[in-house]
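Some notes on the structure that comes next.
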Amino acid sequence: MSNEPEKLPAAGSDSQRKTLDDRQRMTDLERIRHSCAHVLATAILRIWPDAQFAAGPPVETGFYYDVELAHRISPEDFPRIEEEMRKEIKANHVFEKVVVTREQAIADAKAGRLAALGERSVPSKFKLDIVQGIPEGEPISYFRNGDFLDLCAGPHVMRTGNVGAFRLTHVASAYYKGDERNPQLQRIYGTAFKNKTELEAHFAMIEEAKRRDHRKIGAEMGLFALDAEYVGPGLPLWLPRGTVIVEELEKLAKETEFQAGYVRVRTPHLAKEKMYRTSGHLPYYAESMFPPMEMLEEDERKKRDQLTEKRADLIQLLESMENAVSPNPKGLTPEGLRREIAQLEVEMGLIGGRYYLKAMNCPHHHRIFAAEPRSYRDLPLRLAEYGSCYRYEQSGELFGLMRVRALQMNDAHIYCTAEQFADEFRAVNDMYLKYFKIFGLEKYQMRFSTHDPAKLGQKFVNEPELWVKTEAMVRDVLVQSGINFVEVPNEAAFYGPKIDVQVWSAIGREFTIATNQVDFAVPARFGLTYRDRDNTGKTPLCIHRAPLGTHERFIGFLIEHYAGNFPLWLAPEQVRVLTIGDDDALVAYAKGIVDELRAQFVRVEGDYSPNKINGKILDAEKSKVHTMLVIGGRDRDAGAVSVRLHGKGNVGAKPKAEAIAEILGAIRERKG
RNA sequence: GCCAGUUUAGCUCAGUGGUAGAGCACCCGAUUUGUAAUCGGACGGUCGUCGGUUCAAAUCCGACAACUGGCUCCA
């Protein structure tokens, strides 16, 4: 989750193009899947000869082929498509490679012969476009299996019969080359494996994934609710048991940050338009923000309407100038107009009366920095807040707790001098590692996003030396700490390099869980300065960091990571005391234990009902209570309790005091 | 936002044009029990919403909403 506006990477950028070398490294499984995509296309063409195909690559869990077809393919069509596919596999055609010239490929595409069973009356339009996009000098090849001929760099398995066990899984829609201006295609997904056993193991894993799904477990355990009708889509309600987890995480963050020298602040959930004009978030980020609330007085409204109208006129003029061939008679320049528009926007911001829900906390923190005069002696200043943000994510992007419109971020901004930067950055990094250890995150990867010098002044602020310097410092810290990271050029934020942490839940789903960004531009936009030793004002560097991400995504991740079986310190219900029967003396003994634990702030409940102990245990196990203390007459007489751990079963009886001490110790140390 | 799919009780799901069902949960009784299901009863739904077709709609048609899958890991 980014703190800041983020430009999408340019569509179809050549730097992402897979090289032929990459392709030759395709694994056996990828070859099977890619070949299966060709078999799929063959089958579709046998049923719908006018299908137009675009791309059909292997992907992480299988393969897909994008097809344009008037008929809407639905899962009901899968059986007959699969039947045609089985015929093609049974025919055991050779995957035959044919190297051709560019001219030949273009001619064949125009003749409709590519991704087809023969010549057709209309061109293979997507293949034609793809051929034309292949760089000069790169060899062009086809693969043929039986009648089916496709533009393809390969590689493939030897014969269609080598495609092992496969299954079509689902249909989705995809824009050609992922650009919504392009035609929308039907994407048929399937998966293939060497044999039936592996295919079945794959689907068993999917079942496991469904079982761990945070939305399902969240509902079962009563952690959170999504009430789209009354509260709104993407606006989660934290139920009491989920709130426990929220507050335990905040407690962890507060303790950790306190020891690391952070100070806490609190800020309102909204701010005036001027804030986001100054920060530069408007208008670029406006689409991701909730629309503003207007609290304008009559005369303010009038002035604002005038300015809005003038701005619209200027924008229209600018557009006509840019499209026009003849020079402007008034001698206006596009640059001048843009300056004037920017000036108008600043004036609009100055009117006030217009408030935005904040989509990020940094501007508020910057104003806290500005609220008092700062000396170099005050730095580094580390401002921390679990800040509430609101982002208007597109409706189709919403997903359980993972993608929401209201979120609370484990945010902090560290203001420091260039000399302090490396130490500060290292400390932030250490904090990430500390957290990973607590949560048992063994598999993670840091994505280090850097700038592209060619795009200084456009996509990236024009501070070439600062870019190089900070990137080098960040890289050094990562290398020194032996962290697993990848460097991704051209993906930095516009104001500095950033690190995103990718984690995988136990079922292999990938998430960006946390972010850490360097900012050497926005503090200047807010005119933030500190008084240095030489008695001059200097602009601080700023590190944005959110190692625990947002409550929403982090807890969504933890639910899947633990499959709802939270460690003791996080468990909504930590302990349940179960009596065997409801004999008065027994219940009194049990209540004494409950009271003792509750006095120590343990989340404990008692089940004193006269039901059978098996039934009570089942109840507690289903509720995922971490520790069950089973108490019968024998235990009472011995001053003992029988300890049973969720999912682990009975671990035996022990003296009451010992059991309580162990529980308190495990909670304090945040152990399982 | 776009394409597709889904929506029946708190949960899991039956119900293909003719009186809305089951199991579990919740509630009320009874059951005195040693580590994953004691028994009985009662309660619970305008079948997502709105509209249409029909003598009759959970069921057929349409619109809307919400949710879900996906929206370049490129020939």
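By convention in this document, chain letters (A, B, ...) are assigned in the order of the sequence lines, proteins followed by strands, and residues within each chain are numbered from 1.
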Using whole Å, report how far CD of Q394(A) lies from P of C2(B).
10 Å

Taking atom P in both C67(B) and G15(B), compute the distance separating them and give it to the nearest angstrom.
27 Å

Watson-Crick or G-U wobble partner of U6(B), both distances under 3.5 Å
A66(B)

Who is the Watson-Crick or G-U wobble partner of C47(B), with both distances under 3.5 Å?
none

Distance between the P atoms of G17(B) and C60(B), in whole angstroms?
8 Å

Given the ring of Y64(A), does R187(A) sit roughly above its face, with NZ or CZ under 6.0 Å from the centre of the six-membered ring and within 45° of the axis?
yes

Taking the six-membered ring of F203(A) as reference, does the NZ or CZ atom of R167(A) fall below 6.0 Å from its centre and within a 45° cone about the axis?
yes

Answer yes or no: side-chain N or O of S642(A) and base N or O of G34(B) forming a donor-acceptor pair under 3.5 Å.
yes

Between A22(B) and C43(B) - C1' atom distance, rounded Å:
16 Å

Counting only side-chain heavy atoms from C-beta out, which of U72(B), G70(B), U35(B) sits nearest to I617(A)?
U35(B)

Spacing of I613(A) atom CD1 relative to A37(B) atom C1', expressed in whole Å:
13 Å

Can you tell me how far C1' of G70(B) sits from CZ of R187(A), to the nearest Å?
8 Å

If you take the centroid of each ring, where Trp contributes its six-membered ring, are F63(A) and H34(A) closer together than 6.0 Å?
no

Would you measure the distance from the P atom in A56(B) across to the matching atom in G52(B) and give it in whole Å?
12 Å

Looking only at side-chain N and O atoms, does R215(A) come under 4.0 Å of OP1 or OP2 in C67(B)?
no

In whole angstrom, give the distance that lies between atom CG of N614(A) and atom P of G34(B).
8 Å

Mind calculating the distance between OH (Y189(A)) and P (G5(B)) to the nearest angstrom?
17 Å

Which whole number of Å gives the distance between the C1' atom of U16(B) and that of C47(B)?
15 Å

Expressed in angstrom and rounded to an integer, what is the separation of E229(A) atom CD from A65(B) atom P?
14 Å

Assign each of K648(A) and I73(A) to its nearest nucleotide of RNA chain B by heavy atoms, then name whichever residue's nucleotide is nearer the 5' end.
I73(A)

If you check every side-chain atom of V630(A), which of U35(B), C2(B), A36(B) has the closest atom?
U35(B)

Going by the angle between their ring planes, with limits at 30° and 60°, are F53(A) and F148(A) parallel, tilted or perpendicular?
perpendicular

Can you tell whether the side chains of E220(A) and K216(A) come within less than 4.0 Å, N to carboxylate O?
yes

Measure from the side-chain heavy atoms of E397(A) and tell me the nearest of U72(B), C2(B), C71(B).
C71(B)

For G69(B) versus U12(B), give the span between their P atoms, rounded off to a whole number of Å.
16 Å

pair_partner(G41(B)), Watson-Crick or wobble, both distances < 3.5 Å, evaluates to C27(B)

Can you say whether a donor on the side chain of N650(A) sits under 3.5 Å from an acceptor on the base of G34(B), or the other way round?
no

Return the orientation label for the F95(A) and H156(A) ring planes: parallel under 30°, perpendicular over 60°, tilted otherwise.
parallel

What is the distance, to the nearest angstrom, from the CZ atom on R644(A) to the C1' atom on A36(B)?
6 Å

Need to verify one output field. Residue with the more 5' nearest nucleotide on RNA chain B, L185(A) or V643(A)?
L185(A)

Considering only heavy side-chain atoms of Y64(A), the closest of U72(B), C3(B), U38(B) is U72(B)

For C71(B), which nucleotide in any strand shown is its Watson-Crick or wobble partner with both distances under 3.5 Å?
G1(B)

Rounding to an integer number of Å, can you tell me how far F126(A) CZ sits from U72(B) P?
15 Å

Under 4.0 Å between a side-chain nitrogen and a carboxylate oxygen: does that hold for D583(A) and R636(A)?
yes

P atoms of C50(B) and A65(B), separation to the nearest Å:
15 Å

With rounding to the closest Å, how many angstrom separate the P atoms on A14(B) and U7(B)?
9 Å

